[in-house]
Each structure stands twice: as structure tokens, then as C-alpha cells.
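These numbers were taken from a predicted model, which means no experiment stands behind them. Protein chains get the first letters and strands the later ones, always in sequence-line order, with residue 1 at the start of each.
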Number of protein chains: 2
Amino acid sequence: MPTTLKDVAERAGVSRSAVSRTFTDGASVSAKMRQRVEKAAKELGYSPNALASSLTTGRTRLIGLVSNNFHNPIFLEVFDLFTRGLQDKGLRPLLVNLTDETDPANSVKMMRQYSADGVIVASSTLPAGFAKAFRDAGIPVVRAFGRPTRAPQAHVVGIDNVEAGRMAATTLVARGYTRLGFMGGPQDATSTQDRMHGFLDELARHPHVTVTHSFADAYSFDAGRQEMLRLLQSSPAQAYFGGDDVLSIGALSAIADHGLRVPDDIGIIGLNDMTMAGWENINLTTIRQPIQQIVTSCIELITGMLDDPDRYPEHRIFACKIIERGTLRHEIHILSSS
Amino acid sequence: MPTTLKDVAERAGVSRSAVSRTFTDGASVSAKMRQRVEKAAKELGYSPNALASSLTTGRTRLIGLVSNNFHNPIFLEVFDLFTRGLQDKGLRPLLVNLTDETDPANSVKMMRQYSADGVIVASSTLPAGFAKAFRDAGIPVVRAFGRPTRAPQAHVVGIDNVEAGRMAATTLVARGYTRLGFMGGPQDATSTQDRMHGFLDELARHPHVTVTHSFADAYSFDAGRQEMLRLLQSSPAQAYFGGDDVLSIGALSAIADHGLRVPDDIGIIGLNDMTMAGWENINLTTIRQPIQQIVTSCIELITGMLDDPDRYPEHRIFACKIIERGTLRHEIHILSSS
DNA sequence: ACTTTCTTTGCAACCGATTGCAAAAATAAT
DNA sequence: ATTATTTTTGCAATCGGTTGCAAAGAAAGT
């Protein structure tokens, strides 16, 4: 059983308050007092019980990190950055796996039980209702990788997926492709909807370009592979914008199996720039989300809310960047129509 | 501010103990009492503060999940399984990223501060000192993916890496390869040491087989790729046992770049069977660790320790299995020496 | 109906800390 | 040296619960 405040107080021959004060900065303690206490504390190997103190201070320094994306490799990176970032600020991530959870109420209850100071909802597929539920429960929340709502109800950090779709479109057009395809993730994922919207919208400005679209069942290798195999049955497009990297890599494998060459026969551009996209035997041209900045922003916002819970909700949207690799041709074809 | 026990007690017109009792199972409460309390609780949206109760019960249901493997994709799977498994038992994982941490004392202090009921050290590269530090601090601990110590000091769950090395050896020998290589991970990782040991030891029983070995700098794609590029400079072996999958996939890319074909020109077998190994455009033959069983066992052991902290430390070692894919030839060559 | 036994309930102390307040000690001002 | 001011310290209440104990109530036994 660990040593408590009282033990230290007794050994140092001082009051319990004195001990408490030496361990809370900004409190009034004389130099000698501090010395005595610190000596006793060291001898006993004392370190204050954060949970007990949370009772009176109302702060646990616990942050719920909730996600349902435990299969997309990009999220390992996300978790890495979040845990490090939070730790650096003296916060502890309480990891919550929402894979089989549909009711926000349960999560709220859980966060309440553990009096989490705040919650970070890191998911591109969870409905906005989750973040909202936390907010309504009075728990500071920031949503990472989500779609901004029209009237900001909670902090949202991420990229503009519509813009990313546009970016994919202009990139493909600039490479001279004229028959394009959008191969999305699940049709009900807002990320897929937005990316498609931006993609199609931009292409509408290029009348000489034709475009088709379809959806894979999930953001997964297999789904991407299946969908691409299907597409390859009948005349496929010259190039595809894949819903995300893992999907695109699945598509790549389908293309290879079909005996076609990338980028000569067919081009593909993904989104995320997850580690594997950079592997030389994958070498996927893709659109990079600035994960590090997104995570940093989230942490900034959540700590901001700890200080001022009534802070106005904010959207922080970052630009993406094309990562040039080997799945898109470089040459610019001269178009007959221009 | 959330409603408390007292609020409920007042609204129900009963004592605080009564409320407490209706929410602790095994406590003596009459049916009508329970009803009244539950009604009031529902009306107020009350749920007990787990942290406050931990003060008296000495149980937080918080489990430290500490790891430093935030770059090996297999660990996303590991985190997924751990979080789900723990949640199912009503435990909450407190994720600790030890990437930049070298001193176990800090982690121990942290776990103490949050009074974690137990700790799971999930890492193949962290020194045994970490687990030991927790144990010495009186915190129940189980080590996943670690090397068993001679006298069990703490629960260890994982595979027998020596045996896995043997398995790789016998597999390669059975395929008729006679010039083999071991391409390990970091030389100081116990997993690499053990795998090599088993591999070489087994091969010693096959005098017609020659073997070389070398090490990559890390369990990473790039390290594997670099090392294989180096090996390809001078006469490479016919087949390699790669330190793990990610390393092996890096090696695969080097081999492809070098214009050699797998498995015709060179064979490779990995270890882990991470998701990407099964991707059709990777298709790595590998040795599978039963991750699910390992995780389940860890959780079983840690919950066991919660009930009986003095339970004898135990090693649970699981067998591995060859996952046949496309990076090893199938034909059995007739050996000149037999 | 009365005692005995068992179950329910409330009181009050406690878990490990923090903090407002007032007394005590140290410093500064006169 | 005395008083006024500031700083340091301890007391005691509190945070949101749990739990041993004894009193009250219900059920069972005779």
C-alpha cells in the first residue's frame, strides 16, 4: 500500500496541509518547510494520489481518447501522436474503443464515471452525434478528422475533404487524364461524401473530362480490391481517386492481378499518406493530411477548454498536399479540345 | 456539474448509504428501497463516480497499457484487442506511450498516481526491467510479447521465439533451401536474439545447410530494405528468415528493386502475420503469432491478479503457425546429400 | 402474543487529498 | 521596542463515495 499524505506529514512532523501545499505549485510554503517535507516524501517514496486530489480540485487530467478506427494503419500514427502529445502536457489518455458501440450515451456515462476532463473523438466515421453528446453533457470535446458542422457546436479539427476532392480532380486533370473515376469508401461516411463532392464538382468545370463513381464497403484493403476488381470487369477509367490509401492499395493489388500496369495503363491517387503508401513496393501517389498538425491542434484546443470551458467552438481546417510517387503518370498530354 | 450520491439520496428521501448500496452489487437492499433509489437516480441522470469510490474500495478498474511499439502495424491490432477485451471486463485502459522513456521509475510513479489496478506491458523490445519495476512497486503486471525469465517473476505471455526460429529453419530446410540467411531486427532485442538462436540451433542439425546472419537497425520497413540491399551486394542466400514481417516486407522491396523474383530467385519468411502480409500485393509467407490468444491470456491473468495479488507468476507460451503464401517455394528439392 | 433470528437501514468514520479561514510567526514600518 | 503588515501554518470542513456497527423492522419460531 502506497504512502499517503498523512504518512509524510507525520514523518516530517507537520500538518497535512503543509505537505499538500508543497506539492501544489503556487501555494504558500516557506523554504525550510518545503525542505523538511520533501525530505520526508523522498524517504517514503511518496507521490500524491492524482485521483484523490481530483475529488476536490475537480480535475483528473484524464482525457478520453475515443475512436472506432482500429483497423486503419494511419490511426496507429494518430494514437502515437496523441499519447505523446497529451503526456507532454501532463494529461493521461483513457483509450476508448467504440468499435461495437452505437449509443453515445454509454460513452458519456463512462467518461462521467471517470470524470474525464475532456474527450477527443478521433474518427472519420463516427457520427457527429458522439461529439455532441459529450458537449451536451458538459464535457469539453474536440473532434478530430470529422466534418465541420454549419454552426460550430464543438471544436472540429481536420482537413476539408471537399477541397481534398478538388485537389485530386485538378491533379488528375493536370496529368491529362480525361476518363476518371472516384472509388469511395462507405457511402455513408461523411469523408467519402465530401471527397466525392469536391471531386465531381471540380470536374464539372472540365467538360472534356468524364467521370464515374462507386463505393467500396469499407475503408479496407479487401473492400478496395473487390471494388476495383469489379470496376475492371467493364471498361475502367484511366485514373481513379481512391477513397483513402488503404482502399487505394487494395485497388492497386487488383490492378496488378488483372495484368495492368500502374501508372501506364491506369493511374491512382489515394489520401492519407499512411506509412505503407511510402513503401517502395507500394509507392502510392497520395494526398497527405497533416496528421501531426491536426493532433497538435486538438491538444491545444482541449487544453484551452480546460482553462476556459466556455470558449467558442472553433473549426481548424488544414490544407493537404500532394505526395508525388509512382501511381500517377507525370507527362502532361496535350488535349484535343484545347 | 454532475449529480452526486447526496443529490439522489435527498430526492429519494433516504440515507446516502442506501444509495451507495443500491449501486454496489452484493449489498443488502430491499426491493422497494432499490426501486425508490433507482427512480430518483434515473430522474437525475446519476451515475456513480468511479474515482471517488476507488478511494475507499482501493480499486480504480484502471489498467495501464504501456507500450513503446507505436510503429509496428501489428500493434494497432494489439491495441484493438486489448481495449475491447478490457472494456468487456469493465476495465479501462490508460494508454502509456513509452517511446521516449527509459526510466521505469517514471512509469511506476505515474501508475501510482493514478492508482492503476494493474499494468500490461505490451512490447517486444522493452527490457524486462519495466515489468519488474511495476511488480516491485506492488502493482500487478503482465508482460505481453516478452521473453520469459528463468525464474518467473511476473506473468509473461507470448510465443517461444526460439521455437519460432526453429520452425522457420525446419520450414526452409523442408523446402529444399540449402543456403540460408537470418536477417534479424535490432541485435539487442531479445526477440531477435531468440529467433536467431532457435534458427541457428536447428540448422546446426542439418550439416548440408549453410547459414549467415545479420541485423537490421530496427523493426522497420526501411531498416529491412537497407539491410537486404546490403546483402544483395554480395552473394545472397537462397532464402531468408526475416526478423519480423515489416522487416521482411522491406526486404521484399529491396529484392524487387534488384530485379530478382520471389520466390523463384530468393525466398523469404517473416514473422507476425500482420495485416499487410496478407495483402495480395505483398503476399508474404510468415509465421503467425496468435495475437488474440495472447491478449486474452493477458487479460485473464491481470484480472486474476486483481482477485489474488499473490498468485504465482506464470508463463503462457503459445505455439505459432506457418501461414503459407507466396514468398517461399513449395517444391521440395531432392538434396544431393541424402 | 412473545421471543428469537435475520434482514434493512442510517449514523458516522474514513479513503487521500485540497482549501478557506484564523491563529501564529516572521518582516517591515514607525 | 512597538505596532502594522505580510507570510506561513494548522484546523477543520469538504470532495463523492463506502462500510462497520448498532438500531430498527420484518420474518420466523414457539
Side-chain angles (χ1 to χ4, degrees), chain A residues 1-38 40-41 44-62 90 92 109-117 138, chain B residues 1-38 40-41 44-62 109-117 138:
Chain A
M1 37 248 56
T3 56
T4 77
L5 192 73
K6 195 163 136 247
D7 302 332
V8 179
E10 276 166 10
R11 175 172 255 264
V14 302
S15 75
R16 290 157 56 231
S17 344
V19 179
S20 171
R21 288 195 177 100
T22 56
F23 284 96
T24 35
D25 32 30
S28 152
V29 231
S30 69
K32 42 206 137 344
M33 175 84 274
R34 154 153 278 135
Q35 271 199 330
R36 286 180 66 178
V37 172
E38 275 173 352
L44 296 171
Y46 169 76
S47 67
N49 181 327
L51 268 22
S53 83
S54 83
L55 254 191
T56 37
T57 60
R59 289 219 159 318
T60 54
R61 307 196 70 76
L62 247 28
R92 296 296 152 205
K109 193 167 127 206
M110 221 219 81
M111 287 294 106
R112 267 269 196 62
Q113 285 182 180
Y114 282 88
S115 346
D117 285 349
Chain B
M1 33 249 57
T3 57
T4 78
L5 193 72
K6 195 162 137 247
D7 302 332
V8 179
E10 277 167 8
R11 175 172 255 265
V14 301
S15 76
R16 287 157 58 229
S17 344
V19 179
S20 173
R21 287 194 178 102
T22 56
F23 284 97
T24 33
D25 32 29
S28 154
V29 231
S30 69
K32 42 207 140 341
M33 176 84 273
R34 155 153 279 135
Q35 269 198 331
R36 284 180 65 177
V37 172
E38 275 174 351
L44 296 172
Y46 169 76
S47 68
N49 181 328
L51 267 23
S53 83
S54 84
L55 255 191
T56 36
T57 60
R59 288 217 160 320
T60 54
R61 305 195 73 74
L62 248 27
K109 192 167 129 208
M110 219 220 82
M111 288 292 108
R112 268 269 195 62
Q113 286 182 181
Y114 282 87
S115 347
D117 285 349

How about V29(A) and V37(A): do any of their side-chain heavy atoms sit closer than 4.5 Å? no

From CG of L51(B) across to P of dT18(D) the rounded distance in Å is 12 Å

Quick one: does any side-chain atom of S115(A) pair with a main-chain N or O of M111(A) as donor and acceptor, under 3.5 Å? no

Quick one: which protein N/O atoms are closer than 3.5 Å to N/O atoms of nucleotides 8-17 of chain D? Pair and distance per line, please.
from	atom 1	to	atom 2	distance (Å)
dT8(D)	OP2	S28(A)	OG	3.3
dT8(D)	O3'	S30(A)	OG	3.4
dT9(D)	OP1	S30(A)	OG	2.7
dT9(D)	OP2	S30(A)	N	2.9
dT9(D)	OP2	S30(A)	OG	3.3
dG10(D)	OP2	S15(A)	N	3.2
dG10(D)	OP2	S15(A)	OG	2.9
dG10(D)	N7	R21(A)	NH1	3.2
dG10(D)	O6	R21(A)	NH2	2.7
dC11(D)	N4	S17(A)	OG	3.1
dG16(D)	N2	A52(B)	O	3.3
dG17(D)	OP1	N49(B)	N	3.1
dG17(D)	OP2	L5(B)	N	2.6
dG17(D)	O5'	Y46(B)	OH	3.3
dG17(D)	O5'	N49(B)	N	3.4
dG17(D)	N7	R16(B)	NH2	2.9
dG17(D)	O6	R16(B)	NH2	2.9

Which part of the nucleic acid does S54(A) contact within heavy-atom distance under 4.0 Å: base, sugar-phosphate only, or nothing? nothing

Does R59(B) offer a backbone N or O that forms a donor-acceptor pair with the side chain of D117(B) under 3.5 Å? no

With rounding to the nearest 0.5 angstrom, report the CZ to OG distance, F23(B) to S53(B). 12.0 Å

Would the distance check show the side chain of Y114(A) and the main-chain N or O of T60(A) forming a donor-acceptor pair, the cut-off being under 3.5 Å? no

